[in-house]
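Right, one structure below, let's go through it.
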Protein chains: 2
Amino acid sequence: MAKQGVTTRVGQPRPNTAGTRAELVEAAITTLQTEGFGGSSARAIARTAGCNQALVFYHFGSVANLLLAALDATSERRMVRYGEAVDAADGLGPMVEVAARIYREDLDAGHMSVLAEMIAGSSSTPGLGAEVSARLEPWFGFAEDATLRALRGSPLADLVPTRDVAFAVVALYLGIEFLAHLDGDRSQAESLFSTAKRLSDLMGLVFPVAAHDGGDDPR
Amino acid sequence: MAKQGVTTRVGQPRPNTAGTRAELVEAAITTLQTEGFGGSSARAIARTAGCNQALVFYHFGSVANLLLAALDATSERRMVRYGEAVDAADGLGPMVEVAARIYREDLDAGHMSVLAEMIAGSSSTPGLGAEVSARLEPWFGFAEDATLRALRGSPLADLVPTRDVAFAVVALYLGIEFLAHLDGDRSQAESLFSTAKRLSDLMGLVFPVAAHDGGDDPR
DNA sequence: GTCTATACTTGGATAGAC
DNA sequence: GTCTATCCAAGTATAGAC
């Protein structure tokens, strides 16, 4: 029925080109970013990957599984990258700067996008919530570590429960991502980060770091 | 085809019972809450409303329009309610208490749920983002007003740009809603609010309020 | 205004040829 | 492993009877 028989490459099976599986994962990532969770069907992802729709089910069993694999892939990459950035930051001011840099880099790379879409889709897909939740756990740990690093040596460290701060930070990042994506406007987030920077500098004056030389308390 | 002809009430048109339109809006709200954006089809909503699927299109033209009407309905209700609560709060501590109370009440009533689902669905539905974004605008204004009220009379008022705080507050609420809904766990949010309360009390000691008699604006 | 019936589309998933 | 073909379910939307 379909016009074929001519020498088109369409319809020709490509034998095991390195890894269709990996290509599908990459395609799932970009499809989640551009079309959202609702637009990430097996057909849409396969189109992006340049392969057949049936391969989604052959390699992953279901669309949801492929999407989770996509989330795993970006998560691992970003976790490594952010770990380095955070390790290089000491104190509140530098950590806020790192946070802003991570935000920008992440917005471009789109990891938060992937995460946000998976969270968004979890409300409508039975069982997905638990899977996504489990994959979110390391990020709370990461944020808690960053919080400890940011407050180390400051009297604030004893006043604020790092677990709560970590939760708030993750929630805030998530909320910012949703809002920024909603109207494509980054400026509000940028403004917020620059204000945060200014306030953290101010905080550094009120609560000087104890660890270094004698910045003794003004009492 | 379907067995009919007997005296079942099924299949009998209910003439203009007060307002099917309003019933559909209510059904859309509960469907968004229980099934999420992806599960809120015309059929699902009509089932909840106990009426026919075709009525969605007769009354609203499209599913998206009905969902937007649902968002409008909850938004208006909650805006009135929160306005009263915020008007009764003066100073940082009381405002944080109000924020926590609003959070709990809202989680039960499910307005944030509806908003979150609409934001979630906006990534996949062309044109929806702009509509939702416009409906979010009043909430930024509301948060900004609450921020002004919370900081009135404190030296912090001159240090903190209220617009940035408002943006952060909305983003944080949104993020918390998504996270709480993901695994059905409220405890992290509760912990965060109680920590916020403790810190705001502490802040009240560091930056004491200048003048305050509960009446007209303290200058 | 409300219902039934239906046309049309898209998507998940499987069977089987290559 | 990859593709074609196909089945089936669910959704949007419209036409027309009541």
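Throughout, a chain's letter reflects where its sequence line sits, starting with A, and its residues are numbered from 1. None of the values given here were measured: they were computed from a predicted structure.
Atom CZ in B/F60 sits roughly 16 Å away from atom P in D/dT14 (whole-Å rounding). Look at CG on B/N52: it is 10 Å from P on C/dT2, rounded to the nearest Å. Following rounding to the nearest Å, B/L55 (CG) and D/dA17 (P) show an atom-to-atom distance of 18 Å. Between A/L24 atom CG and D/dG1 atom P the separation is 12 Å, expressed in whole Å.
Classification of the A/Y103-A/F193 ring pair by plane angle, with boundaries at 30° and 60°, yields tilted. Using cut-offs of 30° and 60° for the angle between ring planes, the A/F140 and A/F167 rings count as parallel.
Checked for salt-bridge contact, B/E26 and B/R77 meet the test: a charged N lies under 4.0 Å from a carboxylate O.
Under the side chain to side chain contact (heavy atoms under 4.5 Å, CB included) criterion, B/A196 pairs with B/V96, not counting sequence neighbours.
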(Q) So if I define the base as every atom that isn't primed, P, OP1 or OP2, how would nucleotides 8-15 of chain C read as a B/S/- string at a heavy-atom cutoff under 4.0 Å? (A) ---BBBB-
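The number of heavy-atom neighbours closer than 6.0 Å to CD of A/E105, taken from other residues, nucleotides and ligands shown, is above 12.
When only modelled atom types and interatomic distance are considered, A/S113 and A/E177 share a side-chain donor-acceptor pair under 3.5 Å.
Considering only the side chain of A/T20, D/dT2 comes nearest among D/dT2, C/dT2, D/dC3.
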